[in-house]
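All remarks here apply to the structure that follows.
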Amino acid sequence: MKKLIALLLAAVMLFALVACTSSAPATETPAATETPAATETPATETPATETPATTDTEGAVKTDEISADADAAALGIPAAVVLQDTDVLKGKKLGCSICYKGDEWCAALAQALEALGKYYGADLVCEDGDLNDETQTKQIENMIANGCDAIMVDPITPDGSTTALNKAVDAGIPIIIYDGYWTEGAEKAVTTVTWDQKATGTLIGEYFVNYVKEHNDGKARVVELTNAVSTHCQERFVGLHEVIDAANADGCQIEILNKYDSQGNRETAYNAISAIVEPYDYVISDVDNGAMGAVSALQATGNTTVKVLSMGAYGQEPFGMLHNNDVNYLACLNVDAWVLAQFIFDGTIAYFEGKEVPTQTNIDLFVVDNSNVEKFWSF
């Protein structure tokens, strides 16, 4: 069965089928480390190929290696990104709003989207929604007024920009939702390219519980860092808590001490962790900004015992820390920004070429620690 899953996943990557991120279930993704058990979430109504999550690294790609294509290389596009030979987006004006560029992962995704836009000859600037529904709504309204041929949106909340998005639909402008999700997206968006947020928490939760059983006799005190504004970040904790509750029912003693709103900000996370007086063993953050703030706070006090896990990370910094066996940074859920960007453009290209586009797909999810990080980054 695992071989079949691996073959399906390889086919998805080779033929650039649209796959991708959010809270609603859809095409599933393989999770990776060699220790935790994975979970499978139900599929939505979509013609996309379903790939259940696994614990293998088969299908993992490295997106720090630049493409051999001269035009792609000049834009910093990785070799792992499957590029299409098409002019269908040439001269197209594409509006794009991401939820928050202050988050390094979102900034990397914005950069990837702009690079791919240039490669395909489109006019695209990824605007910063700044975690503010009103700001994002105004951006979408401006995109409509400016005559965009398509609009790509990473919704800050599922309903926060609905009025503006419906105006775009009424104007005949195709909507591509990515990363987060729009409540009406299944009916009105061309596609939603995202990742399964609950599965994110489930996979990190399974890794965490197995680690606690092995290293702490099933006992642990946990501090959580979240982003209260982000609905899909909250859903990661739903999956996490289900796994922890099941473990506790089976004899573990894992206690959630408190949850702090880091606002996706390193300094806020640093301050929150620095102010904790009661003893604790682990920090679990929904995003890597929070995780890195926590690591900095621990290192500032010389704390070498508390471990930090992130439910969303990508790039040189987190992978380098794992590779170097950082004393505090234990593991992360890898969501590759370049792969997500590729699938967003795959869906957009398919739409303009008149092809069938999946209603929703989720990109591959992998848990990464020091045992498998070299599968995802070059060192």
Side-chain angles (χ1 to χ4, degrees), residues 2 5-21 28-36 38 51 53-84 104-116 119 179 193 195 200 203-204 207 287-288 291-292 310-326 329-346 361-379:
K2 289 180 67 179
I5 292 171
L7 288 171
L8 288 172
L9 180 57
V12 173
M13 296 302 296
L14 285 172
F15 294 101
L17 294 177
V18 180
C20 193
T21 32
E28 187 107 26
T29 64
T33 59
E34 293 155 10
T35 47
T51 308
T54 74
T55 56
D56 298 323
T57 56
E58 293 183 62
V61 296
K62 295 180 180 180
T63 50
D64 61 322
E65 300 174 352
I66 300 301
S67 175
D69 179 296
D71 293 334
L75 295 167
I77 297 173
V81 173
V82 181
L83 298 168
Q84 298 194 43
E104 275 97 347
W105 183 86
C106 287
L109 177 57
Q111 180 182 18
L113 289 169
E114 291 179 351
L116 287 172
Y119 180 84
D179 186 23
V193 183
W195 40 306
T200 297
L203 294 169
I204 283 291
Y207 178 95
V287 296
D288 217 43
M292 292 301 168
S310 169
M311 291 193 281
Y314 165 78
Q316 173 65 48
E317 183 179 29
F319 294 161
M321 292 171 68
L322 293 175
H323 181 260
N324 294 329
N325 293 307
D326 185 272
Y329 193 70
L330 177 62
C332 65
L333 194 290
N334 172 40
V335 180
D336 196 301
W338 277 104
V339 174
L340 183 63
Q342 174 198 311
F343 290 144
I344 293 167
F345 269 90
D346 285 347
T361 48
N362 291 339
I363 71 167
D364 300 341
L365 302 177
F366 298 93
V367 179
V368 185
D369 63 9
N370 70 325
S371 72
N372 65 359
V373 66
E374 292 186 6
K375 298 281 188 179
F376 302 90
W377 206 259
S378 301
F379 296 98

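Remark: Met311 CE to Thr200 OG1 distance equals 8.0 Å, nearest 0.5 Å. The OH atom of Tyr207 sits 3.5 Å away from atom CG of Asp369, with the distance rounded to the nearest 0.5 Å. Atom CG of residue Leu330 and atom CG of residue Leu322 lie 8.0 Å apart, to the nearest 0.5 angstrom. One finds the CD atom of Gln111 at 10.5 Å from the CG atom of Leu116 (value rounded to the nearest 0.5 Å).
What you find for Ala80 and Val61 is that their closest heavy atoms are CB-CB, 3.9 Å. When all heavy atoms of Leu113 and Ile344 are compared, the pair lying nearest together is CD2-CD1, 3.8 Å. The heavy-atom pair separating Ala72 from Leu83 by the smallest distance is CB-CD1, 3.6 Å. Residues Ala291 and Tyr329 come closest through the heavy atom pair CB-CE1, 4.1 Å. Minimum interatomic distance between Tyr314 and Trp105 (heavy atoms only, all atoms of both residues): CB-CD1, 3.6 Å. For the residue pair Val81 and Gln342, the shortest heavy atom distance occurs at CA-OE1, 3.5 Å.
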Identify all side-chain donor-acceptor contacts of residues 331-341 below 3.5 Å with residues at least two apart in sequence or on another chain.
{"from": "Asp336", "atom 1": "OD1", "to": "Thr63", "atom 2": "OG1", "distance (Å)": "3.2"}
{"from": "Asp336", "atom 1": "OD1", "to": "Trp338", "atom 2": "N", "distance (Å)": "2.9"}
{"from": "Asp336", "atom 1": "OD1", "to": "Val339", "atom 2": "N", "distance (Å)": "3.3"}
{"from": "Asp336", "atom 1": "OD2", "to": "Thr63", "atom 2": "OG1", "distance (Å)": "2.7"}

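With sequence neighbours excluded, the residues satisfying side-chain hydrogen bond (donor to acceptor under 3.5 Å, both in side chains) with Asp326 are Gln299. For Ser310, the side-chain hydrogen bond (donor to acceptor under 3.5 Å, both in side chains) test picks out Asp288, with sequence neighbours left out. Applying the side chain to side chain contact (heavy atoms under 4.5 Å, CB included) rule to Asp64 yields the partners Lys62, Trp377, Ser378; only residues at least two apart in sequence or on another chain are considered.
Not a single donor-acceptor pair under 3.5 Å links the side chain of Glu65 to the backbone N or O of Ala79.
Counting only residues at least two apart or on different chains, the salt bridge (charged side-chain N to carboxylate O under 4.0 Å, His left out) pairs with a member in residues 310-322 are Arg266-Glu317.
Within a 6.0 Å radius of CD in Glu114, more than 12 heavy atoms belonging to other residues, nucleotides or ligands are found.
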